[in-house]
Amino acid sequence: MIEWSASQIRDFQQTLLTWYDNNGRDLPWRRDHDPYHVWVSEIMLQQTQVNTVIPYYERFMALFPTVEALAATPEAKLMKAWEGLGYYSRARNLQKAARQIVNDNSGQWPQTVEGLKDLAGVGPYTAGAIASIAFNQPVPAVDGNAFRVFARLLEIDLDIAKPQTRSAFEKIIARIIPQDRPGDFNQAIMDLGSSYMTAKNPDSKHSPVKAFNQAYLDGVELQYPVKSKKPKPVKVAYFGLVMRHGDQFLMQQRPSGGLLANFWTFPLVAEDDVLALSETPELVTDEERLTLLEQYVRQEFGLTVHVVPMGGKPVKHTFTHRQWVITLLAAQVTADTDLSYFPGKWLSTAALDKIALPKVQEKLFARI
DNA sequence: GACACGTGGGC
DNA sequence: TGCCCAAGTGT
């Protein structure tokens, strides 16, 4: 990597901030520096693109205009507001943190990185973003943009996928961040990272800081940032049971931890669990699998059903680390079935409209 | 420190 | 299609 002199740092600050003053994006959460606005937007923006967040942010502020309103809202209303945005623990942590502020801290915001990090769902990046933007603290906010921008500007070849790399970047950026406009500086870096210095197809030729971009000047821009690869999603096959009675569906609530925690879906049975009922799973035919599925549902759920394939291709849904392949089956069951052993209940379409559903369940509904 | 945790967009 | 990326945090 290279290092900048004090005068190069001053030049960079001025060039960046002048560009930001004239070209910074006009975003809904930039209308003021209210910590509630900054905080909610930063949580929504975690691993999520700006254009996706904008409508969610607008609706969220209309529903929950203050941290007190958020702290007091019922969970179902909160999750409905977050429906489709993903990483749902963000929403639960958001309310947890709101209650920390309202109940434990009498409505007062922590104003330092250390204090902010004690809030649920606020890590080193978000704490730095709130501290610098809302409270004018001269601290870095190192997100994916900052990693990429500074890795290219200074040809930093540390692997940004490794946790310890963060502190190295924070030290480097701490020397460069201007004491008087830290929030604008951090946001300018993000705007730069999403315009001229993008991950793919960067346009450094026209970038306001191209003279400072060592990787570009050396023709090795796309070698930065260095980032080790993550494993591919693991495929998991499920049977999805469609049990309908009038305008109600028999739905299953997922466990309170793990993927899509607490969400309602059609009952999903892992094919591996079904095949485990056979002593020779590798020899099981398609017809036998359905018989085994009926056996599984009887044993595990206490439901006697007859399943019929619904036709069409299986529904695929990919998460960060899992790919679900769901074969839909119509299962006959009566509404007065004994559900004592089944972790779910009948839900009407009206009830389903009121609760948040994950995208994968929306895909399943679209197929029936 | 490695992995879990959603969804949508771009090529 | 498959893969990578997008304003990360919790465990």
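Residue numbers start from 1 in every chain, and the chains themselves are labelled A, B, ... in the order their sequence lines are given, proteins ahead of strands.
Heavy atoms of A:Pro358 sit under 4.0 angstrom from primed sugar atoms or phosphate atoms, though from no base atom. Residue A:Leu27 is in base contact, counting any heavy-atom pair closer than 4.0 Å across all strands shown. Heavy atoms of A:Gly258 sit under 4.0 angstrom from primed sugar atoms or phosphate atoms, though from no base atom. Counting any heavy atom pair closer than 4.0 Å across all strands shown, A:Ala120 reaches sugar-phosphate atoms only and no base atom. Among the atoms of the strands shown, none is found under 4.0 Å from any heavy atom of A:Arg254.
Of all nucleotides in DNA chain B, those with any atom nearer than 4.0 Å to a heavy atom of chain A start and finish, going 5' to 3', at B:dG1 to B:dC11.
Every ring-ring contact (aromatic ring centres under 6.0 Å, His included) that A:Phe319 has, sequence neighbours left out, goes to A:His317, A:Trp324. For A:Asp191, the salt bridge (Lys or Arg N to Asp or Glu O under 4.0 Å) criterion is met by A:Arg25, A:Arg30, not counting sequence neighbours.
Between the side chain of A:Glu42 and the backbone N or O of A:Ile130 there is no donor-acceptor pair closer than 3.5 Å. Formation of a donor-acceptor pair under 3.5 Å by the A:Ser348 side chain with backbone atoms of A:Ala351 is found in this model. Judged by distance alone, with hydrogens and angles left aside, the side-chain atoms of A:Glu221 form no donor-acceptor pair with the main-chain N or O of A:Ala215 at under 3.5 Å. A donor-acceptor contact shorter than 3.5 Å is absent between the side chain of A:Ser207 and the backbone of A:Lys205. At distances below 3.5 Å, at least one donor-acceptor pair connects side-chain atoms of A:Arg90 with backbone N or O atoms of A:Met44. Proximity of a side-chain donor or acceptor of A:Lys80 to a complementary backbone N or O of A:Asp353 within less than 3.5 Å is detected. The backbone N or O of A:Ser228 lies less than 3.5 Å from a partner atom in the side chain of A:Asp159, making a donor-acceptor pair.
Using a 30° and 60° split on the angle between ring planes, A:Phe60 and A:Phe64 fall in the perpendicular class, above 60°.
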Stepwise, does the salt bridge (charged side-chain N to carboxylate O under 4.0 Å, His left out) test hold for A:Glu58 with A:Arg31? CA-CA 12 Å; A:Glu58 301 278 24; A:Arg31 290 169 194 159; 3.5 Å; yes
Test A:Ile368 against A:Phe249 for side chain to side chain contact (heavy atoms under 4.5 Å, CB included), laying out the working first. CA-CA 12 Å; A:Ile368 64 175; A:Phe249 291 93; 3.6 Å; yes
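Applying the 4.0 Å criterion to OP1 and OP2 of C:dC4, one finds that A:Lys230 has every side-chain N and O outside that range.
One interatomic measurement links the two molecules: CG of A:Asp143 to P of C:dT9, which rounds to 9 Å at whole-angstrom precision.
Less than 4.0 Å separates DNA chain C from at least one heavy atom of each of the following residues of residues 163-191 of chain A: A:Met190. Residues from residues 359-368 of chain A that place a heavy atom under 4.0 Å from any atom of DNA chain C: there are none. Using a 4.0 Å cutoff on non-hydrogen atoms, no part of residues 314-323 of chain A comes near DNA chain C. Listed by residue number, the members of residues 67-102 of chain A with any heavy atom below 4.0 angstrom from DNA chain B are A:Gly84, A:Leu85, A:Gly86, A:Tyr87, A:Tyr88. Taking a 4.0 Å limit (strictly below) on heavy-atom distances, residues 126-141 of chain A reaches DNA chain C at A:Thr126. Within residues 41-62 of chain A, the residues that have a heavy atom under 4.0 Å from DNA chain B are, in order of number, A:Gln47, A:Thr48, A:Gln49. Within residues 197-210 of chain A, the residues that have a heavy atom under 4.0 Å from DNA chain B are, in order of number, A:Lys200, A:Asn201.
Ring centers of A:Phe365 and A:Phe266: under 6.0 Å apart, within the cut-off. Ring centroid separation for the pair A:Phe135 and A:Trp109 does not come in under the 6.0 Å cut-off. Ring centers of A:Phe263 and A:Tyr88: under 6.0 Å apart, within the cut-off.
Comparing C:dT9 with B:dG8, their P atoms sit 22 Å apart, to the nearest whole Å. For C:dA6 and B:dG1, the P atoms lie 23 Å apart once the distance is rounded to whole Å. The gap from the P atom of C:dA7 to that of B:dC11 amounts to 16 Å, rounded to the nearest Å.
Applying the salt bridge (Lys or Arg N to Asp or Glu O under 4.0 Å) rule to pairs touching residues 263-276 of chain A yields A:Glu271-A:Arg289, sequence neighbours excluded. Listed by first and then second residue, the salt bridge (Lys or Arg N to Asp or Glu O under 4.0 Å) pairs involving residues 230-248 of chain A amount to none (not counting sequence neighbours).
A:Asn213 approaches A:Leu153 most closely through the heavy-atom pair CA-CD2, 3.7 Å.
The closest side-chain heavy-atom distance from A:Ile173 to A:Phe185 is below 4.5 Å.
Within 6.0 Å of the CG atom in A:Asn103, the count of heavy atoms belonging to other residues, nucleotides or ligands exceeds 12. A:Gln332 CD: 12 or fewer foreign heavy atoms inside a 6.0 Å radius. Around the CD atom of A:Gln14, the shell of radius 6.0 Å holds no more than 12 heavy atoms that belong to other residues, nucleotides or ligands. Heavy atoms from other residues, nucleotides or ligands lying under 6.0 Å from CD of A:Gln164 number more than 12.
With respect to the salt-bridge test (charged N to carboxylate O, under 4.0 angstrom), the residues A:Glu362 and A:Lys359 do not qualify.
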